[in-house]
Structures are given as C-alpha cells and as structure tokens.
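First the structure, in the form of structure tokens, and then the observations on it.
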Amino acid sequence: MRTLLMLSAALLLAAPAVAAQTSPFSLEVRGRAAFPTGDFGEEEDGIGVKTGWGGTVEGLYQATPLLGVYAGYGYTRFPTDLGELEELLDDASIDITDAGFDAGARITLPVLNGGAFVRGGLVYHRAAVDLSEELQEFFEAVEPAFNEDDLESGWSLGYQLGAGALVPLGQRLSASVGAAYTRYEPEFEDGSTTEVSSDGALSYASVEVGLQIRL
C-alpha cells in the first residue's frame, strides 16, 4: 500500500511537467525584412519602394506531430525612394504599410534535433499610403480633390507561402528561421487614384527570424 501511495504521489507531481511538454499550443513572435516583388518592386514615375521591415505575432495549434494550424497578425512598413521629389521638398517621405491577419496550416518534419517546416494559408490584409506632413500639405495645395481617406484600402484576401526550420533552445523554447512570399490586391475606394503598383498587387518576399514558445 505504501508503495502504491508513493507511485501515485510521483505521478501527480510529474503530471504538470508532462502536460507542459505535450501542450499543443505555441506562441511565436517573428521579425522580417521584406523585399518588394513584381510590379510593386518596380520604380514608377521616379518613385521606388525600398526594403521593408515588420513583424508577426502568431498562435499555433499542433493538431498532430506533423500538422499544425496557425493564426496571427502581421505588420510591415515599406519606405520609398522619391527621387527628384525629395530635392524639391525637404523632409518629404512616403511609406506604404501592409497589415492584417494570417491563417493557415504548417507541416513540420523532424530533422536532427529540430524540425523543417512548410506553411501556406490566407491573408486578410489592408494597405495604406502614409505621407509626411509636408508632402500632405503639398498635395492639398495642388489638388483640391485630395482626400486623405483615399490613401487607405479596404480589406482584401490574398495568400502566403513559406518554409523554414526550428532550432531548439530549451525544453519549451525554439528559434525559427525561414522565408515567405505574400501577395494580395488592395482595393481602394471607387474614384481613388491611389495604387501600390501598376497591376494593383502588393507582393513581397521576406526573410524571417523569431522565437517560438510552447505554452
């Protein structure tokens, strides 16, 4: 009886640790460098989009050892090269922001002590064109019909594909490194002349580094 009681006590003490090791829920935070692609990355009317920076906060549910589903929120900001306009107006700047929700599936294969993964899913994003105060005043002066609301798009569906690797840093903590491709077509209000590229698409390839912790 005494042995049975000791075994029961040991199991109860070990249960929280076992549960922590086998929790299917994880939280991941990633930073990214984003490189414009397609028409979004081409210079137009003397204005070119530069490399952007951003990040994502994401929750992951590992349904099986191989298959997981994720959902999160991401934000990326792209500065621009204004060319001759920067010489005409001091402190003039235009930034293009991309923000919204991501959701999809991730397949992870065990490799050595870590794992390699591929992922794919949908994005529900919106874009905005942010003008510096000086540039906004300039447009208001030369274009009476200028409306700041025309610089923000509605929400649009797109897709995201990616791949990478997980490197264990501890029992619950892993580093993630990877690359991804994101594309969608922002829809601005009817009558707006705002567009982020000649074909209307916002697309970029990104290199991402982050930390994933199992909850």
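Numbers here simply count residues along the sequence, with the first being 1.
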Main chain of Gly54, side chain of Thr76: is a donor-acceptor contact present, judged purely on distance under 3.5 Å? no

Measure the OG-OH distance between Ser203 and Tyr181 for me, rounded to the nearest 0.5 Å. 4.0 Å

Pairs involving residues 54-67, ordered by first then second residue, that meet side-chain hydrogen bond (donor to acceptor under 3.5 Å, both in side chains) (sequence neighbours left out): Arg30-Glu58, Arg32-Thr56, Glu58-Arg119

Scan side-chain atoms only and decide if Tyr204 and Asp98 contain a donor-acceptor pair under the 3.5 Å cut-off. yes

Considering non-hydrogen atoms only, spot the tightest contact between Gly41 and Pro36 and give its length. CA-CB, 3.5 Å

Look up atom OG1 in Thr182 and atom CG in Leu202, then write down how far apart they are to the nearest 0.5 Å. 9.0 Å

Rounded distance (nearest 0.5 Å) linking atom OG of Ser26 with atom CG of Leu173: 10.5 Å

Search all heavy atoms of Ser156 against all heavy atoms of Pro186 and return the closest pair with its distance. OG-CA, 3.7 Å

To the nearest 0.5 Å, atom OH of Tyr184 lies from atom CD of Gln160 at 11.5 Å

Checking Thr97 side chain against Ala127 main chain: does a donor-acceptor pair fall under 3.5 Å? no

Short side-chain donor-acceptor distance under 3.5 Å, Ser176 and Glu208: no

Is the cationic atom of Arg106 (NZ for Lys, CZ for Arg) positioned less than 6.0 Å from the six-membered ring centroid of Tyr70 and within 45 degrees of its normal? no

When rounded to the nearest 0.5 angstrom, what is the spacing between OG1 in Thr51 and CZ in Arg77? 15.5 Å

Quick one: CD1 on Ile213 to CG on Leu211, what's the gap to the nearest 0.5 Å? 9.0 Å

